[in-house]
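A short worksheet on the structure shown next.
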Number of protein chains: 2
Amino acid sequence: MNQAEILNALIADNLVSDPKGARGRLLKEAARLFRDKGYERTTVRDLAAAVGIQSGSLFHHFRTKEEILKAVMVETIHLNTALLKTAVERAQTGVARLRALIRAELESINGQTGEAMAVLVYEWRSLSETSQAEVLKLRAIYEQVWLDVLAALKAEGQLSADPFVVRRMLTGALSWTITWYRPEGGGLSLDGLTDQVMAMMAFPR
Amino acid sequence: MNQAEILNALIADNLVSDPKGARGRLLKEAARLFRDKGYERTTVRDLAAAVGIQSGSLFHHFRTKEEILKAVMVETIHLNTALLKTAVERAQTGVARLRALIRAELESINGQTGEAMAVLVYEWRSLSETSQAEVLKLRAIYEQVWLDVLAALKAEGQLSADPFVVRRMLTGALSWTITWYRPEGGGLSLDGLTDQVMAMMAFPR
DNA sequence: GTCTATAGAGAGATAGAC
DNA sequence: GTCTATCTCTCTATAGAC
């Protein structure tokens with residue numbers, strides 16, 4: 001399954017909105033605005049204008065502004081969990097699986113769906129506590145993919161640090177790339193960036 | 001110079017407000033509130049209540065709410081640059097200097113001044129562009145301390161990845177600890193956490 | 001499903017008394 | 001230097017016409 005096929009399967013299962021529909025288009029624009037200006041500084045008027053309607057019309061699709069934020073986050077996790085699982089299945093060795101995860105997460109953050117991933121990380125506090133709990137449940141599935149790979153590496157003796165700590169450090173390091181890495185810049189490619197991360201990490205020999 | 005002496009020297013130079021004075025107390029509370037609720041969700045009424053005055057009285061000390069955010073950031077950089085420089089001066093080898101920097105930054109983030117460091121990282125977008133430029137100049141001094149140590153390590157052949165990329169990855173990884181690391185928890189100490197970061201990193205042998 | 005119009009709440013900031 | 005009182009603006013959300 002390639003990226004487009006994964007997306008289509010998720011749309012068919014109603015886990016992700018069709019980006020061609022009204023809801024999908026709004027969520028895409030919302031993710032971009034939330035990332036650029038932050039959730040609090042983005043007004044419902046901004047959101048409506050981005051899809052060419054009046055602010056009152058938004059509330060036909062979503063009951064509250066916060067519901068939009070939550071939808072962005074939920075759909076982002078569904079999509080990226082699917083992408084992550086596919087990436088890890090293809091790799092054959094422990095180290096290759098780790099590399100595949102790093103590559104996939106860098107792509108999620110800096111690729112087309114990157115706005116939404118950044119929102120997930122940096123707008124967490126703007127979500128109500130009940131919504132946070134809901135999104136956290138979905139996020140746990142995503143995190144488990146990472147932890148399984150890291151725990152296997154540790155068991156093989158390829159990793160000396162604690163898998164939980166390693167994952168958390170990588171979460172911070174990889175999500176932070178959105179603030180400085182510019183894939184268009186011609187300099188470092190996503191593969192090159194992945195190489196750099198792997199080169200930083202210790203694998204006992 | 002220990003931590004208290006460094007702070008006193010900065011207060012004497014008017015680079016950091018005395019935490020016993022009105023301005024210093026407000027900035028301390030502001031940092032805590034901005035970290036917990038975010039800058040946008042913290043009202044001037046919240047800020048005033050935290051130091052026991054009415055919201056109108058705030059504007060005798062600061063012209064705008066944003067000026068408070070900027071002051072938090074500026075004083076935080078001054079303090080932590082001084083702490084970082086002191087930490088690196090004490091270490092004797094390249095790897096020891098890197099360890100000292102990691103330890104110092106983890107302490108800045110998770111110690112007493114941690115709220116302010118988190119504000120610096122996560123509320124950046126709330127600062128006006130002109131203020132951003134000003135704070136960025138100060139931040140560059142802090143970053144240069146890191147880059148000098150990493151470049152020396154690279155020259156020694158102790159580091160295979162690019163120093164700029166390594167620093168950025170560490171920025172993300174270390175600042176992210178504020179979201180999950182709980183020093184009081186009894187589990188991992190700051191030294192233990194530093195060990196984990198060092199254990200993750202590759203130093204060619 | 002989108003429009004216009006607006007309700008209702010809360011925000012940052014100001015003015016003048018003390 | 002802090003108070004009370006309040007101005008003005010902007011925000012989210014609602015109501016009802018089309």
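Letters go in sequence order (proteins before strands), and every chain restarts at 1.
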Give the ring-plane orientation class for A/Tyr122 versus B/Tyr122, where under 30° counts as parallel, over 60° as perpendicular and anything between as tilted.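 Rings of A/Tyr122 and B/Tyr122: tilted, 30 to 60°.
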Under 4.0 Å between a side-chain N/O of B/His60 and OP1 or OP2 of D/dG1, yes or no? yes
side-chain N/O A/Ser57 vs C/dC3 OP1/OP2, d < 4.0 Å: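 Yes.
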Contact nearer the 5' end of DNA chain C, comparing B/Glu40 with A/Gly52: A/Gly52
Return the nearest nucleotide to the side chain of [X]; candidates are [options].
X       : options               : answer
A/Lys65 : D/dT4, D/dA13, D/dT2  : D/dA13
A/Thr64 : C/dT4, D/dT2, D/dA13  : D/dA13
B/Gln54 : D/dA13, C/dA13, D/dT4 : D/dT4
A/Phe59 : D/dT12, D/dC3, C/dG12 : D/dT12
B/Thr43 : C/dG12, D/dT12, D/dT4 : C/dG12
A/His61 : D/dG1, C/dT2, D/dC3   : C/dT2

Please give, in whole Å, the distance from [N] [atom2] to [X] [atom1]?
X       : N      : atom1 : atom2 : value
B/Asp46 : C/dA13 : CG    : C1'   : 16 Å
B/Phe62 : C/dG12 : CZ    : P     : 15 Å
A/Arg41 : C/dG12 : CZ    : P     : 12 Å
A/Leu58 : C/dA5  : CG    : P     : 18 Å
A/Lys37 : D/dT10 : NZ    : P     : 13 Å
A/Arg25 : C/dG1  : CZ    : P     : 12 Å
A/Arg63 : D/dT14 : CZ    : P     : 9 Å
A/Ile68 : D/dT12 : CD1   : C1'   : 11 Å

Is it true that the NZ or CZ of A/Lys65 lies under 6.0 Å from the centre of A/Tyr39's six-membered ring and within 45 degrees of the ring axis?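 Geometry flag: set, cation within 6.0 Å and 45°.
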Assess whether atom CZ of A/Arg63 is packed by more than 12 heavy atoms of other residues, nucleotides or ligands within 6.0 Å. no
Name all stems that contain residues of DNA chain C, defined as runs of 3 or more consecutive Watson-Crick or G-U wobble pairs, both distances under 3.5 Å. C:1-18 with D:1-18
Any salt bridge between B/Arg139 and B/Glu143, counting N to O under 4.0 Å? yes
Could you check whether B/Arg125 pairs with A/Glu123 (Lys NZ or Arg NE/NH1/NH2 to Asp/Glu carboxylate O, under 4.0 Å)?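 Yes, this pair counts.
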Does the side chain of A/Arg167 pick up a donor-acceptor pair with the side chain of A/Thr171 at under 3.5 Å?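 Per modelled atom types, A/Arg167 and A/Thr171 side chains form a pair under 3.5 Å.
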Between A/Thr194 and A/Asp191: side-chain donor-acceptor atoms closer than 3.5 Å: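 Per modelled atom types, A/Thr194 and A/Asp191 side chains form no pair under 3.5 Å.
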Any donor-acceptor pair under 3.5 Å from B/Gln132 side chain to B/Leu127 backbone: yes
Any donor-acceptor N/O pair under 3.5 Å between C/dG10 base and B/Arg45 side chain: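 Checked by distance alone, the answer is no.
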